[in-house]
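Have a look at the structure below, then the notes.
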Amino acid sequence: GQTAAMAFVELEYDSDDANGPSRLVAKQKTDFADAHEYIEKLGATEREVAFYDQVGDACQMPIPRGYYGAYDSGDFLLLLEDKSGPIPGDWVTATMEQARGMVDNLQVMHAHWWESEDLKKASWNAGFNSEPGCFMHAMRATFQDCAANFVDTFSDELEDHMAETILALLNKPEVITAFDAAAGTLIHGDYHFKNAFFPEDAPPIVFDWQCPGYGSPTIDVARVFIFLRGGEETDKETDQMLADYQAALEARGISDYSFEQLRSDMALGFIYNTWLTVNALMETDVALIRSIVESHGSTLQELMIGFSARI
């Protein structure tokens, strides 16, 4: 993985009556030093261990079951249920059907945790606002350090308006305060196709809970949308998904969040996802990202052009 070392653990039991799993997934500290430093700066590994310990599948979304977790000064171990059978998601071949499944997942989880006071107080809450010491400050500070170099590094792979957007955000540190007034709920924080498996007749199974916390629901929704390719037809589809998402929230009792407010808040989701994408490409193993994209018959340039178009 980009931010952790992964391995399968095969299990054998002394008793023939044992009904435990035959295989688990072990998630541990990455050997890639820059990525480890980045995720530790964000508190990501410690937060994921705490999330599985304190919430797990009570998050109201299909996720791997957590069997064990421990964190100690940068070293960590998670033993998770092996859910690797269904189709793995990826950034290149993501479909509109998969996107609908991802957004349908969000309807349930977001409604359940809407404006939750317990969530705001949780030790693992990343904090997607401007309060000192919260996750967003670390995310924003990393973006400040990376943005100009990102534009130079990917100058051939970015559309002009995307480079301009990144540099404009670089000069507006006060934008972080815009997140304070947004409606909030439990969000995944890095909710994209590659962090999910897609069973044929069931909702997507979502993993990599390194950035969960209380924040604008549009952070998760926008993360799905930015990896969809296409022009006007894609825009129509995502507009409909957004309308269906808001209607589902309302049907679940969230009556004070209008479609107009959701559309307005999508700007926050895209701002955050610009920060996150810049940081991830500059602070993790970009050669690994290139190889993943190329293994699916595309290039990082094509992916970045699509990302620019969605933003």
Side-chain angles (χ1 to χ4, degrees), residues 51 54-63 96-131 134-136 175-193 195-196 202-206 209 211-228 234-276 310-311:
F51 173 83
Q54 298 176 35
V55 183
D57 54 15
C59 73
Q60 305 296 308
M61 181 180 289
I63 70 172
M96 202 62 69
E97 182 180 1
Q98 289 175 341
R100 288 192 196 96
M102 296 281 279
V103 175
D104 286 350
N105 266 0
L106 293 177
Q107 297 168 3
V108 180
M109 185 179 78
H110 286 172
H112 179 81
W113 292 89
W114 197 263
E115 301 286 3
S116 168
E117 292 299 322
D118 289 340
L119 172 57
K120 294 176 186 178
K121 299 171 188 173
S123 63
W124 47 267
N125 173 22
F128 291 82
N129 54 49
S130 67
E131 292 181 13
C134 79
F135 172 84
M136 287 285 272
V175 76
I176 194 173
T177 63
F179 290 83
D180 295 343
T185 186
L186 172 60
I187 62 173
H188 179 280
D190 192 16
Y191 192 72
H192 59 74
F193 297 96
N195 281 341
I205 301 163
V206 179
W209 291 83
C211 311
Y214 182 88
S216 169
T218 62
I219 286 173
D220 283 346
V221 178
R223 194 72 178 153
V224 176
F225 287 178
I226 63 170
F227 289 103
L228 293 173
T234 298
D235 291 342
K236 290 178 183 177
E237 292 269 12
T238 53
D239 281 349
Q240 187 59 55
M241 267 189 266
L242 209 57
D244 293 344
Y245 167 84
Q246 189 274 332
L249 289 184
E250 194 167 323
R252 292 176 179 274
I254 312 303
S255 58
D256 58 350
Y257 195 56
S258 68
F259 181 70
E260 290 72 22
Q261 186 61 57
L262 172 62
R263 283 298 297 261
S264 176
D265 287 349
M266 285 298 290
L268 299 177
F270 284 116
I271 288 170
Y272 170 83
N273 279 286
T274 301
W275 293 346
L276 178 57
R310 303 260 35 96
I311 294 291

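Keep in mind it's a predicted model, so treat the numbers as computed, not measured.
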Compare all side-chain heavy atoms of [X] with those of [Y] and state whether any distance is below 4.5 angstrom.
| X | Y | result |
| --- | --- | --- |
| Thr218 | Tyr245 | no |
| Pro217 | Leu106 | no |
| Met96 | Leu228 | yes |
| Met61 | Val108 | no |
| Val206 | Pro62 | no |
| His188 | Ile219 | no |

(message) Among residues at least two apart in sequence or on other chains, which ones pass side-chain contact (heavy atoms from CB on, under 4.5 Å) with Gln54?
(response)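 side-chain contact (heavy atoms from CB on, under 4.5 Å) check on Gln54 returns Ala50, Ser123, Trp124.
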(request) Please identify each residue that fulfils side-chain contact (heavy atoms from CB on, under 4.5 Å) with Asp180, with sequence neighbours left out. (result)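 Asn129, Ser130, Thr177.
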Once rounded to the nearest 0.5 Å, what's the spacing between atom [atom1] of [X] and atom [atom2] of [Y]?
| X | Y | atom1 | atom2 | answer |
| --- | --- | --- | --- | --- |
| Met136 | Ile176 | CE | CD1 | 5.0 Å |
| Cys59 | Leu119 | SG | CG | 11.5 Å |
| Asn125 | Tyr214 | CG | OH | 9.5 Å |
| Gln246 | Leu249 | CD | CG | 6.5 Å |
| Phe225 | Asp235 | CZ | CG | 10.0 Å |
| Ile187 | His110 | CD1 | NE2 | 7.0 Å |

(message) Checking the side chain of Tyr272 only, and the main-chain atoms of Ala267 only, is there a donor and an acceptor separated by less than 3.5 Å?
(response)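 No, Tyr272 side chain to Ala267 backbone: no donor-acceptor pair under 3.5 Å.
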(message) Treating Tyr191 as the side-chain partner and Met102 as the backbone partner, does any N or O pair qualify as donor plus acceptor under 3.5 Å?
(response)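 At least one qualifying donor-acceptor pair exists.
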(request) Carefully, step by step, assess Phe128 and Phe135 under the rule ring-ring contact (aromatic ring centres under 6.0 Å, His included). (result) CA-CA 6 Å; Phe128 291 82; Phe135 172 84; 5.1 Å; yes
How close do [X] and [Y] get, counting heavy atoms only, and between which atoms?
| X | Y | value |
| --- | --- | --- |
| Ala222 | Asn273 | CB-ND2, 3.5 Å |
| Ile226 | Phe270 | CG2-CE2, 3.3 Å |
| Cys134 | Gly127 | SG-O, 3.2 Å |
| Gly189 | Leu276 | O-CD2, 3.5 Å |

(request) Hey, can you tell me if Phe227 and Phe193 have their rings parallel, tilted or perpendicular (30° and 60° cut-offs)? (result)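 Geometry flag for Phe193 against Phe227: perpendicular rings.
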What pairs of residues pass the salt bridge (Lys or Arg N to Asp or Glu O under 4.0 Å) test when at least one of them lies in [range], not counting sequence neighbours?
| range | answer |
| --- | --- |
| residues 97-113 | Arg100-Glu237 |
| residues 212-223 | Asp190-Arg223 |
| residues 114-128 | Glu117-Lys120 |

Listing, residues 251-264 side-chain donor-acceptor contacts under 3.5 Å, not counting sequence neighbours, or none:
| unit_1 | atom_1 | unit_2 | atom_2 | d |
| --- | --- | --- | --- | --- |
| Tyr257 | OH | Asp265 | OD2 | 2.8 |
| Ser258 | OG | Gln261 | N | 3.1 |
| Gln261 | NE2 | Asp265 | OD1 | 2.9 |

